[in-house]
Amino acid sequence: MKSWKTAVAILAVLFASIALADDFKTNSGKEYKNATVTQVEADGIVIKTKGGISKLYFTELPKDVQERFHYDPAQAAAAQAAAVRQTQELNQFNSQQEELAKQQKAANAKQYQQGLEQQAKYNNVQSLTDQLSILQQQEQNLLVRVGQAEKRKEEAWRRWVDGRGGQYDTSAEGELPVLRGNLENVRDEKKRVKEELARAQRASR
């Protein structure tokens with residue numbers, strides 16, 4: 001019962017001290033005139049003056065002021081240690097968040113780069129596929145032209161043998177080596193593109 005009354009009395013004194021304006025002078029001689037105590041903390045008091053808000057630590061205040069606000073050095077040290085620990089934990093948390101953000105940024109950059117590389121591989125496969133399709137069409141066209149030239153050559157030979165064509169027509173015979181050479185070149189290029197396409201398809205998997 002007595003302890004409860006004592007606590008009430010202390011609170012009453014604190015509230016009265018906080019409510020009334022007062023003058024404070026630090027051990028170093030600095031004065032704060034007509035100051036209102038707005039908050040009492042474990043290690044000091046927060047005051048409000050015309051010049052603004054300031055915190056005065058109990059260690060820089062006279063003994064009577066310390067006793068007036070029930071300064072407890074052990075409690076103040078514990079509060080200060082808790083504040084330091086809280087700051088350290090906050091700094092550690094911020095460092096972890098920065099590291100996570102850094103890792104996420106690196107992962108996003110890597111993923112983006114991989115996407116670009118995959119797109120380049122796909123474009124390469126598509127380009128080679130288009131080339132192969134064009135070469136296959138060129139091969140078919142050349143085969144048709146070779147067949148037509150061989151047919152004209154045979155018909156010219158028969159007319160000449162039968163005596164129906166007059167002078168022997170050598171145009172088809174002269175055209176065939178060129179067509180066959182072009183056909184061979186297209187088939188070589190087609191083989192090269194097919195091999196390159198197979199490598200590109202394996203690399204894109």
Side-chain angles (χ1 to χ4, degrees), residues 1-130 196-205:
M1 189 69 176
K2 287 183 179 181
S3 61
W4 181 80
K5 289 182 177 180
T6 302
V8 171
I10 292 173
L11 289 174
V13 170
L14 289 176
F15 286 138
S17 300
I18 291 175
L20 299 175
D22 204 348
D23 296 337
F24 293 96
K25 185 176 182 181
T26 66
N27 295 330
S28 62
K30 187 172 182 179
E31 291 185 298
Y32 295 85
K33 296 288 187 180
N34 197 30
T36 303
V37 179
T38 61
Q39 189 174 348
V40 179
E41 298 178 351
D43 58 348
I45 56 175
V46 179
I47 63 171
K48 183 178 181 181
T49 63
K50 289 182 179 180
I53 296 175
S54 304
K55 180 172 181 177
L56 305 180
Y57 291 92
F58 286 126
T59 53
E60 61 182 2
L61 292 171
K63 186 81 172 173
D64 62 320
V65 178
Q66 295 179 2
E67 292 175 351
R68 175 182 167 189
F69 292 98
H70 305 281
Y71 169 56
D72 183 347
Q75 187 178 3
Q80 186 176 12
V84 170
R85 187 167 56 252
Q86 185 178 14
T87 301
Q88 290 174 341
E89 291 174 354
L90 180 60
N91 290 338
Q92 184 179 6
F93 175 77
N94 290 336
S95 296
Q96 290 173 346
Q97 292 301 307
E98 289 176 3
E99 182 62 26
L100 287 174
K102 185 178 178 181
Q103 292 176 359
Q104 186 62 45
K105 184 177 179 180
N108 291 341
K110 183 178 180 181
Q111 186 176 9
Y112 177 72
Q113 184 61 34
Q114 288 175 341
L116 291 178
E117 292 173 358
Q118 192 63 32
Q119 184 63 42
K121 290 177 181 178
Y122 172 80
N123 292 341
N124 187 39
V125 169
Q126 189 61 44
S127 176
L128 290 169
T129 301
D130 293 342
E196 189 174 346
L197 176 59
R199 287 194 297 270
Q201 288 173 331
R202 286 195 297 270
S204 65
R205 291 171 187 167

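Throughout, numbering of the chain's residues begins at 1 and tracks the sequence.
- Here CZ of R199 is found 10.0 Å from CG of N124. Values are rounded to the nearest 0.5 Å.
- Heavy-atom neighbours of Q97 CD from other residues, nucleotides or ligands within 6.0 Å: above the threshold of 12.
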Stepwise side chain to side chain contact (heavy atoms under 4.5 Å, CB included) test for N27 and L61:
CA-CA 6 Å; N27 295 330; L61 292 171; 5.6 Å; no
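- Around atom CD of Q80, no more than 12 heavy atoms belonging to other residues, nucleotides or ligands sit under 6.0 Å away.
- For the pair K33 and T49, the tightest heavy-atom approach, listed with the atom from each and the gap, is O-CG2, 4.0 Å.
- Side-chain atoms of D43 and K55, non-hydrogen and from C-beta on, do get closer than 4.5 Å to each other.
- One distance of note links CD of Q201 with CG of L128; it measures 8.5 Å at 0.5 Å rounding.
- When all heavy atoms of A42 and Q75 are compared, the pair lying nearest together is CB-O, 4.1 Å.
- Nearest heavy atoms, L56 versus T26: CD2-CG2, 4.5 Å.
- Between V65 and Y71, every side-chain heavy-atom pair lies at or beyond the 4.5 Å cut-off.
- The minimum heavy-atom distance linking T38 with K48 is given by the pair CG2-CB, 3.9 Å.
- Heavy atoms only, all atoms of each residue included: E41 and F58 are closest at O-CE1, 3.4 Å.
- Rounding to the nearest 0.5 Å gives a distance of 11.5 Å between NZ of K102 and OG of S95.
- Atom CD of Q92 and atom OG1 of T87 lie 12.5 Å apart (nearest 0.5 Å).
- For the pair V37/F69, a side-chain contact is recorded, criterion being any heavy-atom separation below 4.5 Å from C-beta on.
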As a quick check of understanding, evaluate side-chain hydrogen bond (donor to acceptor under 3.5 Å, both in side chains) for E99 and Q103, giving each step before the final call.
CA-CA 6 Å; E99 182 62 26; Q103 292 176 359; 3.3 Å; yes
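- Residues L116 and Q119 are not in side-chain contact: their nearest non-hydrogen atoms beyond the backbone lie 4.5 Å or more apart.
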Decide side-chain hydrogen bond (donor to acceptor under 3.5 Å, both in side chains) for Q104 and N108; before the verdict, give the C-alpha distance in whole Å, the side-chain angles of both, and the deciding distance to 0.1 Å.
CA-CA 6 Å; Q104 186 62 45; N108 291 341; 3.0 Å; yes
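- Proximity of V46 to I53: side-chain heavy atoms (C-beta onward) are separated by under 4.5 Å at one or more points.
- Here the side chains of Y122 and S204 are not in contact, with every heavy-atom distance at 4.5 Å or above.
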Could you go through the side chain to side chain contact (heavy atoms under 4.5 Å, CB included) check for F24 and I45 one step at a time?
CA-CA 11 Å; F24 293 96; I45 56 175; 3.9 Å; yes
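- Taking 4.0 Å as the cut-off between side-chain N and carboxylate O, D22 and R68 count as a salt-bridged pair.
- In terms of heavy atoms, K25 sits closest to P62 at O-CD, 3.3 Å.
- Donor-acceptor pairing under 3.5 Å is lacking for the side chains of Q114 and Q118.
- Judged by distance alone, with hydrogens and angles left aside, the side-chain atoms of S127 form no donor-acceptor pair with the main-chain N or O of N123 at under 3.5 Å.
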